[in-house]
Amino acid sequence: MSSTTPTIGGPDHDVTVHVANDGRLPPVGPYVRDMWFRRRLALHMARSNLKASNADTVFGQLWHVINPLLLGLVYFLMITVLRGGDSDMQYLVHLLGGLFLFFYVRDAMGTGSTSVVAGGALLLNTAFPRAILPLATTMAATFNYLPTFLVYLAFHFAAGYGLYWTMLLLPALWAVLAVFAFGMAMLSATATVYFRDTSSFLPYALRIWMYLSPVLLTYDEIVELVAKVLNGGGSVADGNIPESTLELASRLVYLNPMTGFLQAWNALTLGRLPSFTDVWTMVLWAVLAVVIGGWFFLTREREFAFRV
Amino acid sequence: MSDLDATTTQAGPDASSHDAGSDEPRSERGPDAEVPPEAEAAAASPGAPDDGRPIRDEDVAIRVRDLHISYRSVLDKRQTLRGRINRIGRHRDDPDTSMVKIVHAVRGVSFDVSRGEVLGIVGHNGAGKSTMLRGIAGILPPDEGRVEVAGQVSTLLALGVGFNNKLSGRENILVGGLAAGLSRREIDERADDIIDFSGVGDFIDMPLRTYSSGMRGRLAFAVSTAMDPDILLIDEALSAGDADFREKAADRMRTLLGEGRTIVLVSHSMNSVRDLSDRVLWLAAGRVVEVGAPDEVIQRYQSADDAGRGRVG
């Protein structure tokens, strides 16, 4: 094992020692400190990302709002047709809220996946904590999604919902979601370094993920779907699915990381407090995403310069 | 810790081809153990005292010991999941399967650079000069050996500071400066100087893709020399721009030298290397051929070149 004790340098100079990359995690403490030290770099990169994608113009920004809105209307029509006209304004609000939340994660992962390979020359010429790159794209995605909340609110009020004190907790929810998104962005960024077409496959995977989340369908519908699969048929309305199977299904749906977030969002926007399960599962998923994504990223980031 | 006994004074081509164990703590070495890296380092730092050494060599800014860097040169640069799936079932030795070639670019290099010293590095294309510089900067990890760097490092490498083509010159100054670890205020203070020195004029607020290669090089040079680094690593930057700018750049370099900065300079321009360097290191096929006075090393490098024996190893 190489010693990292410096043999040069006086008291007035910090000595950096580079030794062989043994595929281990770099010391997390100094890494995070270094990232904090360069937080302005992340912020500025996020701003440049927005600028490069024209999101700093009125129409560019508008597109980020209109895009989920239009898709929301498309899905609304589709589900309404499938259900034979049985949809209402409240369902549209549920749909839009879910889409906004899900698209935030989708965009963070999508832009995050190319963050490192797009770093190119910066990676080859400057030594800095590489996690700054997916952090910057996650921050950019966050800035992008702030205005969509106002659009959501418009539909929220139009559907007859009011302002509730629980909505004050939404920023906390978004903060946990941002941590989750950052972890997923580190994961997709690492995958893209090794497989450049990750970003081409990602949209399909994300779309399937969305269909399995309580976005288009409600939570109860998803639970029933899972229970039906477990039971090999039946329906809740007919009462031929055992209570225990429903119970099991309602737990299994939390294996989808988005379930907790979407359920908590629904609760908070409708004036309720989220269930304890919602809260602990979303915090757990956020922590897992950052730990696993961070581990993949940090143990490999010294190789990135060779591969971009 | 350090036991730089200056017994060997000439670092030959094979001085660096010792065993790979030099990264173990020095204190564990026996007094009579063969320590070529230290010996070579002693040769490489003429100012090193003979006795009464401190625990840490305070006057050394860069210490490279038995540095090996190899990278996987991926022939198919864009590895894809589809490609990987397509290759499933093919034999490993199939030439289509082995897309990765290991390039052992730096092979056991050891040297010291004293504080305030300018070390010139000469060698052919592919000798490992740029890879070694990136190793010193901490951008490419060593396979073996170690690099120690005392103080803030600024890099001026062949590709520019890491410029983003979509952003304006001004924004690139900001991103480059922040990435190098400067504060926003420090960058703001220097921005006018940088713009002035680079001489790109009104282009500074245009996207970088509108720049000529000379303008990019000048801006890159202005940015990295304005970082106020303790150690400056320069790769072929003096060739940027026209004769006027080269003169200006050389002046800036001399100013930096006067300020006691440590500089490692890679260049194919023997005149710049001879003018600016205190010592010159000749690298061939990833190994140190010779370290010494600029005139002598460059002369031998050039005559070896003439004799067609430039690539040793």
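Chain naming here is simple, since letters A, B, ... match the order of the sequence lines and numbering starts at 1 in each. A quick note: this is a predicted structure, and the numbers were derived from the prediction, not measured.
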Which portion of B/Ile69 sits near chain A, non-hydrogen atoms under 4.5 angstrom: side chain
Portion of B/Ser70 that has a non-hydrogen atom of chain A nearer than 4.5 angstrom: backbone
Shortest non-hydrogen contact from [X] to [Y]?
X: B/Pro142; Y: A/His18; result: CG-O, 3.8 Å
X: B/Ala137; Y: A/Ala127; result: O-CB, 3.4 Å
X: B/Glu171; Y: A/His44; result: O-NE2, 3.9 Å

Do any of residues 174-190 of chain A have a heavy atom less than 4.5 Å from a heavy atom of chain B, and if so, which, in residue order? none
Separation between CZ (A/Arg302) and CD1 (B/Ile139), nearest 0.5 Å, reads 12.0 Å
Return the CG to CZ distance between A/Leu43 and B/Arg184, rounded to the nearest 0.5 Å. 9.5 Å
Does A/Arg39 have more than 12 heavy atoms from other residues, nucleotides or ligands lying within 6.0 Å of its CZ? yes
Looking at B/Leu178, B/Ile62, B/Asp230, B/Leu67, which has the largest count of heavy-atom pairs under 4.5 Å with chain A? B/Leu178
Which atoms of A/Arg38 come close to chain B, meaning under 4.5 Å heavy atom to heavy atom: side chain ones, backbone ones, both, or neither? side chain
Student check: side-chain heavy atoms of B/Val147 and A/Val17 closer than 4.5 Å: no
Strictly by side chain to side chain donor-acceptor pair (under 3.5 Å), give each pair with a member in residues 173-183 of chain B just once, sequence neighbours left out. B/Ser183-B/Glu186
